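Along the sequence shown, residues are numbered consecutively beginning with 1. Quick caveat, the model's predicted, so the values are computed rather than measured.
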Amino acid sequence: MQLTKEKIIQDFKMQLHEDFMIKNDEATADERFIALAKQIKCYVMPDWLRHRAEIVKEQKKTAYYFSIEFLPGKMLQTNLLNLGIYDLVQEALSELGVDLMDLVEAERDMALGNGGLGRLASCFMDSLPTIGAPGFGNGIRYKYGLFKQKIVNGYQVELPDAWLSSDGNVWETKKPHAAVDVKIYGNVYLVPQENGDLKPVYENVKTLHAVPYDITQIGFNNDVVNNLRLWDVEIPEKYELDYPTLADRRRIEDITSVLYPDDATREGQSLRLIQEYFMVSAGLQTIVTSYAKMGLPMAQIHEKVAVHINDTHPAMAVPELMRILIDDYNLEWEVAWATTTKVMSYTNHTVLSEALEKWDAGLFKEIVPRIYQIVGEIDRQFVKTWAGKVDASVIDHTRVIQNGQIHMANLSIIGGHSVNGVAKLHTELLIEDVLKDFYLLYPEKFNNKTNGIAQRRWSQIANPGMSALLDKQIGKGWRSNVHELSKLEEFLDDAAVQHDFYQVKQANKQRLADFVKKTQGIDLPIHAIFDVQVKRLHAYKRQLLNVMHIIKLYQDLKDDPTLEITPRVFFFGAKAAPGYHFAKSVIKIINELANLINQDESLRDQLKVVFLENYNVSLAELIVPAADVSEQISTAGKEASGTSNMKFMLNGAITLATLDGANIEIKDAVGEDNIVIFGMDKDAVYDHYARHDYNSRHIYETNPRLKRVVDAFTDGTIPNTQYEGYEIWDALISYNDEYFLLEDFDDYVAKQAYISELYKDKNTWQSKAMKNIANSGRFSSDDTIELYAREIWGIL
Ligand SMILES: *Cc1c(COP(=O)(O)O)cnc(C)c1O
C-alpha cells in the first residue's frame, strides 16, 4: 500500500472531524483509537473488495472455519503490522504528539473465547490470509465476551464483559442485506409430493433473523484480506407477532448474549444448543447460496467448499448441510451424503471424557426437529452400512445416537472425511484409545495437525525489545519468515549476544513488575526467576502441583531462616469456570498463599507469589515476554497440545514440562538439554489406569516431606482457607488424587531445584533460552494452517 506520513496525518485529522467534530488535541485516546481504526478499514477496503472479487471470478475453493469461539484480543497493532504501516503510523501520530500505545491501550479485548481453542481459531484467522489461502471464519457475535475476573478477598468474582461500545465494534461491518432466517422449535411432518418425494412441512416454528457482522482479516504484507463473519440474532419484522412480550424478545436476544464460560464441561442448557444451530445454519445457508450462484451442480459442492468443524460445537453442520441439499435442492440422500462427507472435516481438542459433547435426544428433537430426523437417518444408515462387517460392539460405541443421547463427536467423524488431533501425542491417543473404534472403521480419516501460534503477535507485537535485538543479530528476514530464527543458532555461545538477550529479558521483567506494582502494590525483585503458569484453571493442568512446590519452598525457608535460595517470583493467571468449584478453591488458595508469603519479611524477598487478575490475550502479551520459566505441567496424556508453551518458547523462556501435548515436540525441537522434563509419561499414567494400582494415600503416608506439604492445606498454614484446604486435601488423599500430583511431586521439586542452580549461570541459561527462540519457527500457525489448507481442505 502506498501511503505517506502526510496522508496518514491528514486522514486521521479528517476522521476525527467527521466522527467526533473534534480536533486532535481535544480528542481522548478512545476517540483517537476509533478514528485510526476507521482509517485502517478504509485503507483495507480496496484489497478486500478486489480479493473477494477474485475468489468469485476464479471460483476458488474456499474453506470456512466454523468455531463457537474466537479470541483475537486486540486488533490495532496486528492490523498495522500486517498492512506494513506500523512504523509509519507510529511516526505520523508522534508528529501529532500522540503515542500509539495510548490508542492500543484504549482498544477493548475481543474475548469471544475461553482459552486455547478460541485463541487457536484467531491465530488461524491471522495465518490464513498470510499464506494467501481463501479461508473464512464463521462464529457468533456475543454481546458479552468471557466474563471479567475480579479477585475479591481472594475469591474469583465474575463480572460481565461488556466489550461492545454503544456503536458496536469498530472493526466490524454490519451486513443487514446478507441476513438469513433460521428456524427452531415446532413440528415437522414429511408430506409425500406428487412425484413421490417427501417434503418437510413446518408447524409452529420460531424464526430467528441471523444478521452477519464482518471483520476483515488482513494478511501479512501481501494485500490479501479474508473475512471473519460473526452472527447476531434479531427478531424479523414479519415475525414480530411471534414474540409479543418483552420477555419473549429477551429470550431470543439471549441467543447471542453470552459465550459459555466453560470449554471443558457442558452444562447441557438448551440455549447452547440453539447457539450452535443458529451459527451453523446461518453460515451454511449463506455458503450454499453463494455456491449456487456459480451455477455448478449441487452434488459437487465439495469441489468449491470445505467446512471445518472446530471441536464438536459446530457438529450440526453435517445434518444441516444434508437438510439444505435434500429439502432445498432436492438431492437424493446418497448423493447429498457423498458430497457432505467430502465437505466436512473435524478437529478434536480434548481427550477428557467429561468434555465430549452429548445432547439429550428429547431436547434435540424439541429444538431442532428436522435436524433430529436427519441425525436419526444418519444413524440408521451408519448401522446398516457396518452391520455384519464389524463387531456389534464397535457399532454400539460409534453410532451417533446411543441411549437417548446424540454424540456430537461421532456425528463429526462419521459425517466428515478428516479427523485430526492437535499434537502428535494427542493424535496417537485418539487412535489408540479415545477414538480407537472409529480408527478401525475409518483409518484413512485420521491425521495430526500440531497447533501453532501467530508468531508476529507473540514476538513482534508482544516483544519489541527482543525483536529489535533479533534484527540486529540475524537481520530482519525472520519477521516475514520465522524459520530464519534458526540463524540465532550461530550465536548460542557468544557471551556478548547472551548478555544482550539477558538485558532484553530483564527489561521485559521490569515492565511486568511495574504493572504489578501499579495494580497490586507489590514490589518484585527482577533478579529473581520469573516463573509463570498462565492458562485456564483446571485440575488436569495442575496449578496445584505448582502451589505444592511453593509451599515446600516456604516451609524450607521458615525452617531455616538463614537459607539462601535462588529468588523466585511465581506468577499465576487463570480464570475458573463459574461452576467449577474445585478450580475456584485453587484460586482462593493461591491468593491467600500469596498474601501470606508476600507479607512475610523473614523471607527476605526470596519468594513472591502473584496472581494476575483477569488473564486474557492482552495480559498474555505482557506476561509471556517476561517469563524465565514456562510451567507446562499437566498430567501426561491430558493436555491435547497447549499453545502457551509455544508462546513462551518463542520468547526465550525455559520450559518446565511433563511429556504431554506439544511439550514433546518442543523437546524434539530444542533437544533435551534445553528443556526440563519431569514426571510420569503417558505410558506410566496409562499403566496406572490399567492396573488400578495408584494409591495416593500410600505415597502420602510414606513420604514425610510431601506429607508436610499436603497437610499445610489443612493445618492453618495458609490463612482463611479452612474450607478450601479440606476440599483440596480430600481431592488429593480421600479421592485418590485423580491427576497424580503426589507421584510426580518429588521429581517436580528436584527439577525445580535444578532450575534454581541453572539460573545462577547466566551464560548457560541464556544460551538455552536462545536455543529455544532459534527453534520456535516450526510452531508458526502459518505452517500449521498451510497443512490444513493442503491436506484437509484442498484450497491451495
Ligand atoms: C495462548 C492462550 C491460552 C492457551 O493457553 P494454554 O496454556 O495452552 O492452555 C489461553 N488463554 C489465553 C489468553 C492465551 O493467550
For the residue pair [Y] / [X], report whether a side-chain donor-acceptor contact shorter than 3.5 Å exists.
X    : Y    : answer
T450 : E665 : yes
D711 : Y700 : yes
Q632 : D660 : no
E727 : S585 : yes
Q766 : T764 : no
Q498 : N763 : yes
T347 : N310 : no
D560 : T562 : yes

Any non-hydrogen side-chain atom of [X] less than 4.5 Å from a side-chain atom of [Y]?
X    : Y    : answer
R568 : Q752 : yes
R778 : D783 : no
E743 : I699 : yes
M466 : I773 : yes
I474 : F491 : yes

For the pair [X] (side chain) and [Y] (backbone), establish whether a donor and an acceptor sit closer than 3.5 Å, ignoring hydrogens and angles.
X    : Y    : answer
Q455 : S776 : yes
D600 : L596 : no
Q506 : I526 : yes
T658 : A636 : no
S781 : I453 : yes
Q473 : V497 : no
N772 : G652 : no
D433 : L429 : no
T635 : Y739 : yes
E158 : F147 : no

If you take the centroid of each ring, where Trp contributes its six-membered ring, are [Y] and [X] closer together than 6.0 Å?
X    : Y    : value
F713 : Y726 : no
H549 : F570 : yes
F611 : F572 : no

Does a salt bridge link [X] with [Y], judged by any charged N lying under 4.0 Å from a carboxylate O?
X    : Y    : result
K517 : D523 : yes
D531 : K608 : no
R457 : E621 : yes
E489 : K771 : yes
R705 : D556 : yes
D514 : K518 : no
E601 : R604 : no
R542 : E639 : no

Worked verdict on N348 versus N420 for side chain to side chain contact (heavy atoms under 4.5 Å, CB included):
CA-CA 6 Å; N348 173 287; N420 74 282; over 6 Å; no
Parallel, tilted or perpendicular: which one describes the rings of F740 and H688, with boundaries at 30° and 60°?
parallel
Students often mix this up, so state it plainly: with edges at 30° and 60°, are the rings of Y689 and Y686 parallel, tilted or perpendicular?
perpendicular
Measure from NZ or CZ of K588 to the centre of the six-membered ring of Y155, then state whether that distance is under 6.0 Å and the direction lies within 45° of the axis.
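Yes, cation above the ring, under 6.0 Å and within 45°.
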When you measure from the centre of the six-membered ring of Y759, is the NZ or CZ of K762 closer than 6.0 Å and no more than 45° off the axis?
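Yes - K762 lies over the ring of Y759, closer than 6.0 Å to its centre and within 45° of its axis.
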For S767 and D493 the tightest heavy-atom approach is OG-OD1, 4.0 Å
Please say whether more than 12 non-hydrogen atoms of neighbouring residues, nucleotides or ligands are located less than 6.0 Å from CD in E738.
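At most 12 heavy atoms, drawn from other residues, nucleotides or ligands, come within 6.0 Å of this atom.
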Report, as yes or no, whether the 6.0 Å neighbourhood of atom NZ on K148 holds more than 12 heavy atoms from other residues, nucleotides or ligands.
no
With V351, the side-chain contact (heavy atoms from CB on, under 4.5 Å) member among L425, L430, L356:
L430
So K509 and D628, salt bridge (charged side-chain N to carboxylate O under 4.0 Å, His left out) or not? Walk me through it.
CA-CA 9 Å; K509 287 161 75 174; D628 294 307; 2.7 Å; yes
Given side chain to side chain contact (heavy atoms under 4.5 Å, CB included), test F571 with Q533 step by step and report yes or no.
CA-CA 6 Å; F571 292 90; Q533 187 173 21; over 6 Å; no
